[in-house]
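Presented below is the structure to which this report refers.
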Amino acid sequence: MILVTGGAGYIGSHTCVALLQAGYEVLVLDNFCNSKPESLQRVSVITGKSVVLVQGDVRDRSVLREVFKQYVIDGVIHFAGLKAVGESMEQPLRYYDNNVSGSVILAEVMAEFGINMLVFSSSATVYGDPASLPIREDFPLGATNPYGGSKLMVEQIYTDLAQSDGVWRIALLRYFNPVGAHLSGTIGEDPSGIPNNLMPYISQVAVGRREQLTVFGNDYPTVDGTGVRDYIHVMDLAEGHVKALAWLQNQVGVHVFNLGTGHGYSVLEMVKAFEFASGRPVKYQIAPRRAGDIAEVYADSLKAERELGWKAERDIKDMCRDTWNWQKQNPLGYVD
Ligand code: NAD
Ligand code: WQD
């Protein structure tokens with residue numbers, strides 16, 4: 001059985017689908033600070049299999065101990081964390097406590113129970129502003145905000161841990177920009193409040209929930225002046241976790257992988273692709289750059305292809321089609 005922390009969230013719920021379909025049993029530990037149990041009910045409908053759900057906090061040793069005592073856990077996928085960059089600048093201690101302390105406590109309790117296989121959600125944000133593109137795993141690292149700092153610290157902590165004891169097998173997965181939804185449109189990204197990220201913002205404009213998109217800057221040195229990112233379909237990402245877990249069975253040590261497509265799209269290219277997929281107009285206005293943003297980011301994911309046998313299969317049309325399918329079926333997200 002695989003313990004999935006934060007498994008009710010956006011990437012976690014899609015990964016539960018991929019795990020169940022690959023034949024794994026799944027236990028989710030989530031405190032629902034940014035998700036609802038409804039997502040997991042829908043995972044069960046999609047897969048015809050159920051997930052064991054434990055409501056609790058990853059910083060709570062007693063809950064973790066109960067889980068490890070009661071179930072035979074073979075490995076852990078650790079998604080539980082806070083992820084809003086702006087919020088992390090206002091509440092750095094909350095971010096370090098949740099993301100860093102949570103990751104330390106999880107590994108401590110895993111060690112107590114002799115569980116040593118761990119997949120960690122890192123982020124392309126650990127590269128800061130890269131000197132060249134595409135970004136490879138061996139590029140210099142640097143955080144520009146407490147959220148990124150928390151990911152970088154956990155990477156360092158897990159690297160030190162794996163070096164201290166050869167029994168650990170750890171994959172640090174650096175995601176680029178996850179978007180899209182399960183093909184069924186029944187699970188997807190459900191941000192609370194005003195979306196920070198581009199894709200949910202675009203889809204909420206298309207569905208009529210927001211009036212217009214604000215495009216942050218059109219004076220970047222890119223194809224059309226707007227920011228370029230490597231958007232990756234969340235089901236490709238989910239399948240990457242399943243591949244990483246299978247691969248770790250025969251490894252020891254700590255291993256880092258980029259998970260991206262290798263292609264960059266600009267904000268305006270995303271708007272056009274979404275208008276095409278949805279048949280709806282996406283109104284936008286150009287505004288100044290958003291503080292902390294960089295011009296262009298895309299991944300070199302050849303290491304994951306070579307070692308994990310993983311490659312993103314879904315393209316920008318699939319990402320927009322599936323996001324729209326989710327958004328139009330669930331205009332207000334998961335409602336009770
Ligand atoms: P999400 O907020 O949808 O999911 C995170 C889940 O973790 C939520 O269900 C939340 O309730 C839970 N959680 C948070 N803190 C917890 C705690 N202390 N104990 C138990 N549960 C807790 O976010 P997501 O987009 O699915 O991201 C998952 C992971 O991937 C995060 O660690 C995030 O930093 C990382 N990541 C996300 C992106 C992205 O753009 N979505 C990119 C790179 C990395
Ligand atoms: C994408 C592009 C914006 C919103 C963030 C985190 C990163 C990772 C993924 C977790 C940029 C532009 C956006 C809007 C816009 N998360 N944009 N109008 O900033 O690349 O990455 O999410 O690990 O750490 O920093 O993603 O979706 O916010 O922005 O014009 O309303 O869209 O300027 O060029 P970003 P994003």
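As the structure lists them, so they are numbered: ligands from 1, and atoms in each ligand from 1. Side chains are part of it too, since the values below use all heavy atoms of this structure and drop only hydrogens, waters and symmetry mates.
- For N98, the closest heavy-atom approach to ligand 1 falls below 4.0 Å.
- In this structure, atom 21 (O) of ligand 2 lies nearest to the protein heavy atom N177 ND2, 3.7 Å.
- Residue V252 is not grouped with residue L245 when hydrophobic side chains (ILVMFWY) are merged at heavy-atom distances under 4.5 angstrom, including chains of intermediate members.
- Ring centroid separation for the pair H241 and Y175 comes in under the 6.0 Å cut-off.
- Between H14 and H182, the ring-plane angle classifies as tilted under the 30° and 60° cut-offs.
- Using a 30° and 60° split on the angle between ring planes, F274 and W324 fall in the perpendicular class, above 60°.
- In N196, the part holding a heavy atom less than 4.0 Å from any atom of ligand 2 is the backbone.
- In this structure, atom 17 (C) of ligand 1 lies nearest to the protein heavy atom N31 ND2, 3.3 Å.
- In this structure, Y298 has its ring center no closer than 6.0 Å to that of F176.
- For atom 2 (O) of ligand 1, the nearest protein heavy atom (residue, atom name, distance) is N34 ND2, 2.7 Å.
- For atom 37 (C) of ligand 1, the closest heavy atom belonging to the protein is I11 CD1, 3.7 Å.
- For atom 2 (C) of ligand 2, the nearest non-hydrogen atom of the protein is Y231 OH, 3.6 Å.
- Atoms of ligand 2 lying under 4.0 Å from at least one heavy atom of V215, given by number and element, are 30 (O).
- Contacts between L198 and ligand 2 below 4.0 angstrom, taking non-hydrogen atoms only, involve backbone and side chain alike.
- In terms of polar-atom proximity, C33 is counted as a contact of ligand 1, with an N or O under 3.5 Å from an N or O of the ligand.
- Ring geometry for F139 versus Y127: interplanar angle over 60°, hence perpendicular rather than tilted (30 to 60°).
- Checking only distances, Y175 never comes within under 3.5 Å of ligand 1, N or O to N or O.
- By the criterion of a heavy-atom distance under 4.0 Å, the side chain of V267, and not its backbone, is placed next to ligand 2.
- Protein heavy atom closest to atom 12 (C) of ligand 1, with residue, atom name and distance, is D30 OD1, 3.3 Å.
- Note that R289 lies in the cation-pi zone of Y220, set by a 6.0 Å cut-off to the ring centre and a 45° limit from the axis.
- Between the W310 side chain and the D236 main chain, a donor and an acceptor come within less than 3.5 Å of each other.
- F257 carries K303 over the face of its six-membered ring, with the cationic atom under 6.0 Å from the centre and within 45° of the normal.
- With sequence neighbours left out, V85 forms a side-chain contact (heavy atoms from CB on, under 4.5 Å) with M89, N145, Y147.
- The aromatic rings of F68 and F113 sit tilted relative to each other, their planes meeting at an angle between 30° and 60°.
- The shortest N or O to N or O distance between M199 and ligand 2 is not under 3.5 Å.
- Residue contacts with ligand 2 for V297 are absent, since no atom lies close enough (heavy atoms, distance under 4.0 Å).
- Near Y147, the atoms of ligand 1 lying under 4.0 angstrom from a non-hydrogen atom of the residue are 33 (C), 34 (O), 35 (C), 36 (N), 44 (C).
- Heavy-atom proximity to atom 30 (O) of ligand 2, evaluated over F176, Y284, F216, is greatest for F216.
- Assignment of Y220 to the shell around ligand 2 is not supported, since no heavy atom sits closer than 4.0 Å.
- Between G9 and ligand 1, at least one N/O pair is under 3.5 Å apart.
- F79 O, 3.3 Å is the protein heavy atom nearest to atom 29 (C) of ligand 1.
- Under the 4.5 angstrom side-chain criterion for Ile, Leu, Val, Met, Phe, Trp and Tyr, L302 has no cluster partners at all.
- Of all the heavy atoms of Y175, none lies under 4.0 Å from any atom of ligand 2, so neither backbone nor side chain is involved.
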